[in-house]
Number of protein chains: 2
Amino acid sequence: MTRVIGLALGNELCHHQDMITMSEVARRAGVARSTVSHVLSARHGGNVRIPEATRQRVLQAARELGYRPNALARSVRTGKSRMIGYLVDDPRYEPYWNTIIGALGEAEREGFTLKLLSVTDETLEQRIEQCIELRLSGLIVRVSQDKRPLFEEADRAGIPVVTVDESDPQPFGLRVAADDALGIREALAHLAGLGHHRIAFISSGFHRQRDPQRTPPREAMFRAEMAARGLDVPEGRVTYETMLVYGREAGIGLGASTVLAATDALLEHPDGRPTAIFCWRDETALVALRACRLQGLRVPEDISVVGFSDIIAARLSDPPLTTCQSPWEEMGRTAMRRLIHAQGEEFNPSPRAILIPSGLAVRQSSGPNPE
Amino acid sequence: MTRVIGLALGNELCHHQDMITMSEVARRAGVARSTVSHVLSARHGGNVRIPEATRQRVLQAARELGYRPNALARSVRTGKSRMIGYLVDDPRYEPYWNTIIGALGEAEREGFTLKLLSVTDETLEQRIEQCIELRLSGLIVRVSQDKRPLFEEADRAGIPVVTVDESDPQPFGLRVAADDALGIREALAHLAGLGHHRIAFISSGFHRQRDPQRTPPREAMFRAEMAARGLDVPEGRVTYETMLVYGREAGIGLGASTVLAATDALLEHPDGRPTAIFCWRDETALVALRACRLQGLRVPEDISVVGFSDIIAARLSDPPLTTCQSPWEEMGRTAMRRLIHAQGEEFNPSPRAILIPSGLAVRQSSGPNPE
DNA sequence: CTGAAAGCGCTTACAG
DNA sequence: CTGAAAGCGCTTACAG
């Protein structure tokens, strides 16, 4: 009724509540609701064949009325929402962002839809419940806390989960990660090829805060690769930093940054100044680059600096930063693809991890060993 | 039935299809479905008061069964999806990303959920239909094409729309944008305070490609502010660039970049080299900074460089970039807040635009006029 | 206070 | 080929 009035007065008064329903299309076309459903969902699989004339009548009625199927109702009925949830705890971090973009593109290609959910330590549980209540068809997760409860809950609800950029093996779901070791190997090969052997590393102080017993993953790979090349990593040639890049407490300024100290400590190493500094992330490398210049060193003439991630800032810096490239978007695409292909069947991925090769972007912050 | 088997064999076999339903909770608690609904939706507004004992019985049954309400079914019933759609055509662009993050945070605070949709010239129409079919409760749009069809469609479906970072006034919905003029005014006050008067501008070649008749918005503001300060902008002191920053064809390298040419042209201006270069975006400013150095100029000792946006790279550059700060996250929050507050009523915002003040982050790329 | 009933908009066997 | 019926999981007047 309201709709009729709305139409009479013009489109301005047509509200959400007034959406055309399938029954109205059926009435207009003079057929049953089920026929409309058949025509519009175009399921040519079933042995339902609607004569062209009827089909056209339905289509036209739908067009004339401006009918828009209610995807929600369809989901309730079919039990498939075709929505994938993406849980992130640090959406501001550019690499995670890129991963989301990859996942989004793939979802849209496949007619799925992406729901973005941010997570903090306090809200993880609540978000998972929300995902279950929304009957999501899958979950991509990039969260740095214990994910066991997540997996258990999601598993109970039959929601497949894939984690992204998680370095630890996990006993559930699927893990899609970059093979950081590859990029690190390439970077060291690059530096060694330039004649460097005193290569220092600035590592993540965050990983250490979380678990002091364990070597941060990229640092471990660095050490392993150095060892494989027969290069020494004496005490003190690895330092740590905990610079906050995003949000209110961001401490990028050199004054507040712990990168300055981490770099200075390397430059003053008793066994001699390193000729190259490799950093666990680009943000660190860029500030380290500044720190080197403050000490009067030219990059790359006097010292080489290499980062990890290939964020936009790496390309925009002066000189542009040589850095390891993780395939962020590809990780997102892969995660999404796997989730979509798992629809309708038990999610028992094998293998339980997909490692996507990382590479190296050689730019101008690395040069020959000056010695 | 399946569920019973599932339970018998352990959680591994519990599938999505086996989600507990409200009827089962009712059966277990020995009450009617409607009672369960009343208890769980906790609508204390209606004059429905369930005795504590019954309430507890229902709650316990729900807990024991691991009941999770089906948000989709609820949405179908109530007609409110509490999902907001976010349409972006360039999600890789850091500022847009930040706007999304602001919107996401606000949505979650209010118990709404965010659906991300990317848009190209070809897919806009299709995406809008999708939004309508999903019965979204609102739409935030950051798209640089003609949005009239979008507004018409959404309006017909009763979906409120707010655009974000759109400089042109529009006859529909709400527009949330940054007041770029404020930041530009502050930047010029800052530069003038440092004694600069030969101030150049590198403007957007993209805007010009789209509409050659019109001065790009920030350039127009720059010219207006310069005029207001009585400062001359002779022919040739504004140049244009079209550097692609994102995606496959990104041409950030100085060789491929048009920023190099735009900067060089300014440095060779017949009326004398500018002592400050103001750029329409940070990416441009960072490359211009490199271009200046390539010409043997020191920043900020010989020449000042100022950007616009305050992307992460601006803080990480050497020297850190002085730049106008648009309130990206706040724009997202505001857009989302307005959408949420418009729920249930006609969306007839007044005024039709909200401008959020931009500011200036003074860093080390700007210094006193050396002359 | 509680429950039986109608209904949201759709899909899907199942008869005709 | 087409339609009447049952049902997805929920909410919401409306009686009792």
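Proteins get letters first, then strands, A, B, ... in listed order; numbering begins at 1 in each.
Residue-level contact check: A:Ser23 touches neither bases nor backbone, having no heavy atom under 4.0 Å from any strand. Among the protein residues, A:Ser75 comes within range of no part of the nucleic acid, since none of its heavy atoms lies under 4.0 Å from any strand.
Across D:dG3, D:dT11, C:dC8, the shortest atom-to-atom separation from the side chain of A:Val31 is found for D:dG3. Ranking C:dA6, C:dG3, D:dG3 by closeness to the B:Arg77 side chain, first place goes to C:dA6. Picking from D:dA4, C:dT11, D:dT11 the nucleotide with the shortest atom distance to the side chain of A:Arg74 gives C:dT11. For B:Val76, counting side-chain heavy atoms from C-beta on, the closest listed nucleotide (D:dT11, C:dA13, C:dG9) is C:dG9. Of the listed nucleotides (D:dT11, D:dG3, C:dT11), C:dT11 has the atom at the smallest distance from the side chain of A:Met22.
Rounded to an integer number of Å, the gap from NZ of B:Lys80 to C1' of C:dG9 is 16 Å. As rounded to whole Å, 18 Å separates atom C1' of D:dT2 from atom CZ of A:Arg27. Following rounding to the nearest Å, B:His38 (NE2) and D:dG9 (P) show an atom-to-atom distance of 20 Å. Taking atom CG on A:Asn70 and atom P on D:dC8, their separation rounds to 18 Å, with Å as the unit. Between A:Leu40 atom CG and C:dG9 atom P there is a gap of 16 Å when expressed in whole angstrom units. Regarding B:Met19, its CE atom lies at a distance of 14 Å from the C1' atom of D:dC8, rounded to whole Å. The CD-P distance, from B:Gln56 to C:dC1, rounds to 16 Å in whole Å. Atom pair A:Leu72:CG and C:dT11:P shows a separation of 12 Å (rounding to whole Å applied).
With a 3.5 Å ceiling on both atom-pair distances, C:dA13 lacks any Watson-Crick or G-U wobble partner. Nucleotide D:dA4 has no partner under the Watson-Crick or G-U criteria, as no pair reaches both atom distances under 3.5 Å.
Residues A:Ile340 and A:Phe112 meet the side-chain proximity criterion, which asks for heavy atoms closer than 4.5 Å. Taking 4.5 Å as the limit, every side-chain heavy atom of A:Pro149 sits out of range of all side-chain heavy atoms of A:Glu125.
Toward the 5′ end of DNA chain C lies the nearest nucleotide of B:Thr35, the other residue of the pair B:Thr35 and A:Ala71 mapping further downstream.
Taking a 6.0 Å sphere around CZ of B:Arg352, one finds it holds more than 12 heavy atoms contributed by other residues, nucleotides or ligands.
Between the side chain of B:Ser34 and the base of C:dA4 there is at least one donor-acceptor pair of N/O atoms closer than 3.5 Å.
Between B:Arg333 and B:Glu330 there is a salt bridge, since a side-chain N of the basic residue sits under 4.0 Å from a carboxylate O of the acidic one. The pair A:Lys147-A:Glu166 counts as a salt bridge, with a side-chain nitrogen and a carboxylate oxygen less than 4.0 angstrom apart. A salt bridge links B:Arg109 and B:Glu106; the closest N-O separation between the charged side-chain nitrogens and carboxylate oxygens is under 4.0 Å.
Between A:Ser37 and C:dT11 there is a side-chain polar atom (N or O) within less than 4.0 angstrom of OP1 or OP2. For the OP1/OP2 pair of C:dC8 and a distance below 4.0 Å, the side-chain nitrogens and oxygens of A:Thr21 include no atom meeting the criterion.
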